[in-house]
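What follows is one structure encoded as structure tokens, with my remarks underneath.
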Protein chains: 2
Amino acid sequence: MGTRERRQRELGNREQLILETARELIRSEGLLNLQMARIAEKCEYAVGTLYQHFASKEDLLLELTRQDVVEHAELIERLARWRAPPRERIFGIAVADMLFVRRSPDHFRMSQYAFCEVVWTAASAARRQSVLDAEAPIAAIAVGIVNDAVAAGSLDLRGMPAEQVCLGLWALVVGMHNLVHTEGVMHPFAVPDPYRLMCRHLQSLLNGQGWQPYFDVSDDAALDALIQRIFTEVFDEQCCEV
Amino acid sequence: MGTRERRQRELGNREQLILETARELIRSEGLLNLQMARIAEKCEYAVGTLYQHFASKEDLLLELTRQDVVEHAELIERLARWRAPPRERIFGIAVADMLFVRRSPDHFRMSQYAFCEVVWTAASAARRQSVLDAEAPIAAIAVGIVNDAVAAGSLDLRGMPAEQVCLGLWALVVGMHNLVHTEGVMHPFAVPDPYRLMCRHLQSLLNGQGWQPYFDVSDDAALDALIQRIFTEVFDEQCCEV
DNA sequence: TCTTTTTTTGAATTATGTTCAAGAACGGAG
DNA sequence: CTCCGTTCTTGAACATAATTCAAAAAAAGA
């Protein structure tokens, strides 16, 4: 009898409903005002029922983050499958991030909070691990591309592990996300399009790490064309406005 | 009569006492367990008195952050005064950060939290502004060094504003601080000394941005020597362990 | 020394996250 | 179909911790 499975499916649906409701509330009232009682009320379940799914409010928040990370990873996976020179594929990570920010504008703001000691520690250990598990493929793909580059002779690691090369790229990207999503910090800089700037700096870093072929970062048209091309070729999207 | 001034001084001292007590509690019990009542108890004032100084718990947290930023800025200011080639001075920012992390190991963990929407928004507008004001000199010094480099002919901006060049460097540094202080994220990478890695990637980025003279990042001895030299020459410190 | 103003105090209030006893729904046995 | 045990759901009650504010104390001024 499929009773057990049907029940399982229903529970899954309910969990998804709770999460979507939480997302809506965050969008409309801000993370600061997210309340368990409000989520319960809005999706017409008792507060206690929420705790059937999540050990705590922080646990719920981490699950939201995890789902975003999975979506993010799906974008990155397209780069793993893309047949293109390694340098274009590794650069594609920045383009994927631009697209992801457009699709999930709240993600980095929320994840900045979720990864803070205070929130992270307050979630269950199992949930934390599941977030880390969701992130692992992203790192793996980046490392894979670096290795491909080495194999293709377009990058010389000179003894540095591929993971450490990635960490530099990752730091640049994460740092820019952080700066962008931290209120008031970017303001004095008056940058029209911070993510385009991120792309440019990423190219500079790749140049500095010795990736072949060299890319002329002062050639705005070439950079825009590359971004545009990756958008359409890998993600079937127009790049237009952020 | 100096009564007014004496009173002002006493209030300042009390505020400092409260902040130091909060710092100790964070160190010993973690940010998660910081409670206003505990702070009050430990420094032998009533809870209400804390609210004479800080509009909220978050306000207090931002003031702690602000004080750290001021200390950080003092380190960076030494680079502004240091007479050395621009490339060494801009690189010094990474060394200053290494030193600052050693002196205030809790800072970046705390500031990651403080700059989150949830905490940031819950503090008073005045306090937020004071934090931004404390950060301004750091950016100004970095921009100044970039301009010096251009003036000295060791960097060609090719039309990019100096602020935007800095933002790339800043993103790399901020990103690495974040990765280091986010539990579990660095673990799979097994990096022995992430801040040394940050230094290396910063040099790669400077190379990629075209800073002269070129620095060979695969020359470990040269990198260590430079870090060591900045430690002693600019900060009167040994670099040794982090 | 008395009056007024300012400051301090901490018990009471408020806001929310979390629990758990009571009852409803379900599933299987007879 | 009905009974009985099990599992799930409910939301009022509880627990915690931030914040307030009326009363008391201290300071300033006359």
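Just so you know, these numbers use all the heavy atoms, side chains as well, and skip hydrogens, waters and symmetry mates. If you're wondering where the values come from, they're calculated on a predicted model, not measured in any experiment. Note on naming: letters A, B, ... go to the chains in the order of the sequence lines (proteins, then strands), and numbering restarts at 1 for each one.
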Nearest whole Å is fine: how far is D/dT19 P from B/I39 CD1? 11 Å

Could you tell me whether a side-chain N or O of B/S56 sits under 3.5 Å from a main-chain N or O of B/D59, the two making a donor and an acceptor? yes

CZ of B/R14 versus P of C/dT8: gap in Å, rounded? 4 Å

Please report, rounded to the nearest Å, how far the C1' atom of C/dA11 is from the OH atom of B/Y45. 21 Å

Rounded off to whole Å, could you give me the CG-to-P distance for the B/L60 and D/dA18 pair? 11 Å

Take the protein atom CG of B/L50 and the nucleotide atom P of D/dC21, then report the distance between them rounded to whole Å. 17 Å

Nearest-angstrom distance from the residue atom NE2 of B/H53 to P of D/dA18: 18 Å

With the threshold set at 4.0 Å, does a side-chain nitrogen-carboxylate oxygen contact exist between A/K42 and A/E24? yes

Could you tell me how far apart B/E10 (CD) and C/dT6 (P) are, to the nearest whole angstrom? 18 Å

Check: B/R66 side chain, B/A134 main-chain N or O, donor-acceptor pair, under 3.5 Å: no

Please list, for nucleotides 16-23 of chain C, all pairs of protein and nucleotide N/O atoms separated by less than 3.5 Å.
unit_1	atom_1	unit_2	atom_2	d
C/dG17	OP1	A/L34	O	3.3
C/dG17	OP1	A/K57	NZ	2.8
C/dG17	OP2	A/M36	N	3.0
C/dT18	OP2	A/Y51	OH	2.5
C/dT18	OP2	A/K57	N	3.1
C/dT18	O5'	A/Y51	OH	3.3

Has A/T49 got a side-chain N or O lying under 4.0 Å from the OP1 or OP2 atom of D/dT9? no

In whole Å, what is the span from the CG atom of A/L32 to the P atom of C/dA15? 14 Å

Without swapping roles, check the side chain of A/H201 against the backbone of B/Q164 for a donor-acceptor pair under 3.5 Å. yes

For B/R127 and B/L62, indicate whether the former's side chain and the latter's backbone hold a donor-acceptor pair under 3.5 Å. no

Can you give the donor-acceptor pairs under 3.5 Å from side chains of residues 168-177 of chain B to other protein atoms, not counting sequence neighbours?
unit_1	atom_1	unit_2	atom_2	d
B/H177	ND1	B/Y195	OH	2.7
B/H177	NE2	B/D97	OD2	2.7

